[in-house]
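Structure, as structure tokens:
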Amino acid sequence: MAAENEASQESALGAYSPVDYMSITSFPRLPEDEPAPAAPLRGRKDEDAFLGDPDTDPDSFLKSARLQRLPSSSSEMGSQDGSPLRETRKDPFSAAAAECSCRQDGLTVIVTACLTFATGVTVALVMQIYFGDPQIFQQGAVVTDASSCTALGMEVLSKQGSSVDAAVAAALCLGIVAPHSSGLGGGGVMLVHDIRRNESHLIDFRESAPGALREEALQRSWDTKPGLLVGVPGMVKGLHEAHQLYGRLPWSQVLAFAAAVAQDGFNVTHDLAHALAEQLPPNASDRFLDTFLPLGHPPLPGSLLRRPDLAEVLDILGTSGPAAFYNGGNLTLEMVAEAQHAGGVITEEDFSNYSALTEKPVCGVYRGHLVLSPPPPHTGPALISALNILEGFNLTSLVSREQALHWVAETLKIALALASRLGDPVYDSTITESMDDMLSKVEAANFRGHISDSQAAPAPLLPVYELDGAPT
Amino acid sequence: AAQVLVMGPDDFIVAMVSSLNRPFGSGLLTPSGILLNSQMLDFSWPNRTANHSAPSLENSVQPGKRPLSFLLPTVVRPAEGLCGTYLALGANGAARGLSGLTQVLLNVLTLNRNLSDSLARGRLHPDLQSNLLQVDSEFTEEEIEFLEARGHHVEKVDVLSWVHGSRRTNTFIIGVKDPRSPDAAGATIL
């Protein structure tokens with residue numbers, strides 16, 4: 001009876017002991033003709049209950065497990081004459097072994113499923129990192145000439161707008177808040193650099209001369225006919241081009257940010273108040289005075305100014321795109337009429353012919369850094385030339401500031417003289433050659449050789465042509 | 001000129017400078033509220049200025065042509081690899097802007113000053129037409145005396161140009177305005 005109980009326990013543990021599965025499966029086999037035990041082997045449920053019985057003494061459990069392992073550790077079964085165990089040809093645990101086999105298959109399925117799932121999740125995460133929108137708002141910075149436009153740029157970034165979206169909104173905002181320095185009727189240049197790809201594009205939306213503009217007309221009456229000074233504005237096409245290349249938010253949404261500034265009003269900046277007080281254009285029209293001096297005198301810094309007219313223009317541009325500005329609509333007709341009324345020669349055709357240029361910036365290497373700047377007709381090459389000249393001086397923190405200032409002054413004289421030779425390369429092929437010279441380190445070393453460490457040059461080293469004759 | 005500098009979380013750097021030329025451009029305002037520029041003043045033609053400097057043939061007036069420009073949005077990155085200093089700079093003040101940018105780049109890249117200090121330090125500009133070396137109000141008397149001793153004719157002015165900047169070093173980004181500007185602002189997402 002004790003042996004039967006032991007066999008019963010043995011079978012129970014043989015199938016489910018957590019101690020050593022391989023050892024247990026090498027237990028001595030029982031004979032096929034072994035009489036059925038008085039107490040039947042426990043069924044699966046009973047065994048589960050046994051193993052799961054919280055009242056089972058853990059010490060006796062382990063003791064019995066050790067006892068059952070003893071025979072299997074013997075290499076000579078026949079020497080155990082006193083043992084109640086006999087050799088058998090049939091595995092009494094065949095059912096249990098088959099069950100184990102099934103359980104092994106189940107384990108394989110589970111492991112395979114887990115691995116597949118984990119691989120899928122990993123691949124999805126990697127793809128999200130590289131191709132998806134950033135889930136964590138990282139660092140960024142915006143700087144503009146007006147705090148309200150800086151805040152607007154930050155707002156665009158916070159709404160998952162791209163850097164170019166933020167720049168476009170901020171630039172339009174400046175056209176509202178700082179009308180003395182920029183606006184829809186002007187132009188500019190934008191340099192965009194992609195850090196990851198090390199790619200740069202320059203979008204040049206500088207104004208171009210009207211088709212009917214002649215030097216003689218300007219020479220004769222530029223100061224009495226302000227309409228002659230009006231070039232074809234590039235701002236709208238340039239910003240739209242930048243947005244087409246790099247925008248993430250819809251064009252209409254980006255313009256709506258700026259339109260809200262014009263509609264809701266803004267605080268007059270110190271700079272605008274100063275310009276309205278001291279730099280009003282000569283013969284300012286009634287419309288100009290009504291718009292910017294609504295109370296009849298220059299506004300104080302901080303006072304509220306609204307521009308619902310510009311809000312409406314921005315809404316139209318947001319809906320219709322640059323075509324509303326350039327393709328002969330009301331906005332085009334108004335600008336042409338206003339300029340022609342003031343002696344200008346600009347036409348609707350000039351507007352429809354205008355296009356912003358997308359090109360590569362000029363670049364130079366200065367002390368291990370790549371410096372990117374606009375090509376002609378902008379004076380980026382002169383800036384790089386100045387850096388190339390300065391690179392050869394022993395400019396360190398050990399050199400006195402005064403000595404460094406002297407070198408800088410002499411270098412800038414050369415760079416500015418070089419800048420005065422530049423112009424639009426589309427109209428003069430020699431400008432490309434001048435530009436190549438300016439970017440050359442050898443040429444820079446040549447210029448540096450003409451700079452004295454102790455004396456300012458009495459006369460310019462290079463011929464100087466007219467530079468910024470008018471205040472900008 | 002107006003400046004916009006952006007370094008966004010998308011790893012793009014944007015530097016933009018725009019202008020109407022003179023304050024309020026031509027002063028012409030359309031019924032829709034658009035101020036028209038006066039950019040044709042940036043062309044060169046004979047006898048335009050009082051100093052009678054030689055006109056530039058390369059920058060003469062021609063239909064469809066773009067005039068010479070000192071709008072200089074500038075970006076700096078490491079020449080090799082990704083690690084190091086990135087800069088976005090802009091300047092106003094026409095030719096004075098070129099002088100200002102050169103000196104700020106020198107302060108950051110050569111003298112290893114931080115961006116705020118680099119923008120704040122005094123700047124100079126040689127006016128080629130008058131042969132005067134203009135220095136701003138940040139210059140000390142000692143510095144001016146030294147320059148004069150070297151043969152420079154120094155003229156002190158309040159402000160030459162505003163240079164704003166943004167800098168990124170690895171993942172740390174900062175936006176800084178020129179302290180001379182009363183209204184500009186730089187904001188950084190931390």
Side-chain angles (χ1 to χ4, degrees), chain A residues 138-141 143-145 147 150 163 166-167 170-171 174 180-186 188-191 193 195 206-207 209 211 215 226 229-231 269-270 275 279 281 288 309-310 313 334 338 365 369-370 372-373 377-378 386 395 402 413 423-424 427 456 464-466 468-470 472, chain B residues 2 4-9 11-16 18 20 23-24 26-30 32-41 44-45 49 53 56 58-59 61 63 65-66 69 71 73-76 79 94 102 110 126 128 146 151-152 164 166 173 175 182-189:
Chain A
Q138 302 159 330
Q139 283 199 326
V143 189
T144 77
D145 285 306
S147 57
T150 299
S163 295
L174 283 176
H180 55 300
S181 62
S182 77
L184 295 174
V189 59
M190 179 190 282
L191 178 51
H193 179 71
I195 292 176
R206 181 93 164 137
E207 300 89 333
E215 185 177 282
L229 305 179
V230 179
T269 63
H270 290 84
Q279 295 174 319
F288 185 99
D309 49 353
L310 278 185
V313 171
E334 280 182 7
E338 191 68 27
V365 176
H369 294 85
L370 201 63
L372 307 162
S373 208
H378 310 278
L395 277 167
E402 290 81 1
K413 286 179 187 175
D424 191 340
Y427 291 79
V464 180
Y465 302 100
E466 189 178 72
D468 56 328
T472 56
Chain B
V4 176
L5 307 167
V6 180
M7 283 190 179
D11 286 341
F12 274 75
I13 300 174
V14 184
M16 180 189 151
S18 58
L20 288 171
F24 304 103
S26 62
L28 302 173
L29 185 69
T30 71
S32 296
I34 298 170
L35 265 170
L36 299 176
N37 66 84
S38 57
Q39 216 65 256
M40 300 301 96
L41 280 172
S44 176
W45 62 83
T49 55
S53 53
S56 162
E58 290 83 357
N59 191 33
V61 182
K65 194 173 177 180
R66 293 163 203 247
S69 144
L71 306 180
T74 299
V75 169
V76 174
T102 305
T110 305
L128 300 185
F146 177 90
H152 297 282
H164 305 317
S166 181
I173 301 177
D183 305 307
T188 304
I189 306 163

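In this text, all values refer to a predicted model and were calculated from it rather than measured experimentally. Chain letters run A, B, ... following the sequence lines, proteins first, then strands; residues in each count from 1.
For A/Gln139 (side chain) and B/Ile173 (main-chain N/O), a donor-acceptor pair under 3.5 Å exists by modelled atom type. A donor-acceptor contact shorter than 3.5 Å is absent between the side chain of B/Ser18 and the backbone of A/Gly188. Counting only distance, with no hydrogens or angles, the side chain of A/Thr150 and the backbone of A/Val143 share no donor-acceptor pair below 3.5 Å. A donor-acceptor contact shorter than 3.5 Å is absent between the side chain of A/Arg206 and the backbone of B/Arg66. In this structure, the side chain of B/Ser69 engages the main chain of B/Leu71 through a donor-acceptor pair within 3.5 Å. B/Asn37 places a side-chain N or O within donor-acceptor distance of the main-chain N or O of A/Gly185, the cut-off being under 3.5 Å.
Evaluation of the side chain to side chain contact (heavy atoms under 4.5 Å, CB included) rule for A/Ala166 yields A/Val156, A/Leu157, B/Val6 as partners, not counting sequence neighbours.
With respect to chain A, the highest number of heavy-atom pairs below 4.5 Å among B/Thr74, B/Val61, B/Val75 belongs to B/Val75. Ranked by heavy-atom pairs under 4.5 Å with chain A, the first of B/Thr188, B/Leu20, B/Asp183 is B/Asp183. Taking chain B as the reference chain and counting heavy-atom pairs below 4.5 Å, the highest number among A/Ala209, A/Ala456, A/Ala275 is found for A/Ala209. Between chain B and the options A/Asp309, A/Leu191, A/Thr269, A/Leu184, heavy-atom pairs under 4.5 Å are most frequent for A/Leu191. Considering only heavy-atom pairs separated by less than 4.5 Å from chain B, the leading option among A/Pro377, A/Gly211, A/Gly423 is A/Pro377. Taking chain A as the reference chain and counting heavy-atom pairs below 4.5 Å, the highest number among B/Pro182, B/Ser26, B/Gly33 is found for B/Gly33. Options B/Leu5, B/Asn59, B/Leu28, B/Val76 differ in how many heavy-atom pairs under 4.5 Å they form with chain A, and the most are formed by B/Leu5. Your options are B/Ser32, B/Ala15, B/Gly175, and the one with the most heavy-atom pairs under 4.5 Å with chain A is B/Ser32. Interface summary for chain B: among A/Gln279, A/Met190, A/Lys413, A/Glu207, the most heavy-atom pairs under 4.5 angstrom belong to A/Glu207.
With a 4.5 Å cut-off on non-hydrogen atoms, A/Leu174 touches chain B through its side chain but not through its backbone. Both the backbone and the side chain of B/Leu36 come within less than 4.5 Å of a heavy atom of chain A. For chain B, the nearby part of A/Val365 is the side chain; its heavy atoms alone come within less than 4.5 Å. For A/Val313, the part lying near chain B is the side chain, with the backbone staying farther off; criterion is any non-hydrogen pair under 4.5 Å.
Ring pair B/Phe24/A/His180 is tilted by interplanar angle, where 30° to 60° counts as tilted.
Distance check: A/Glu466 CD to B/Leu128 CG gives 12.5 Å after rounding to the nearest 0.5 Å.
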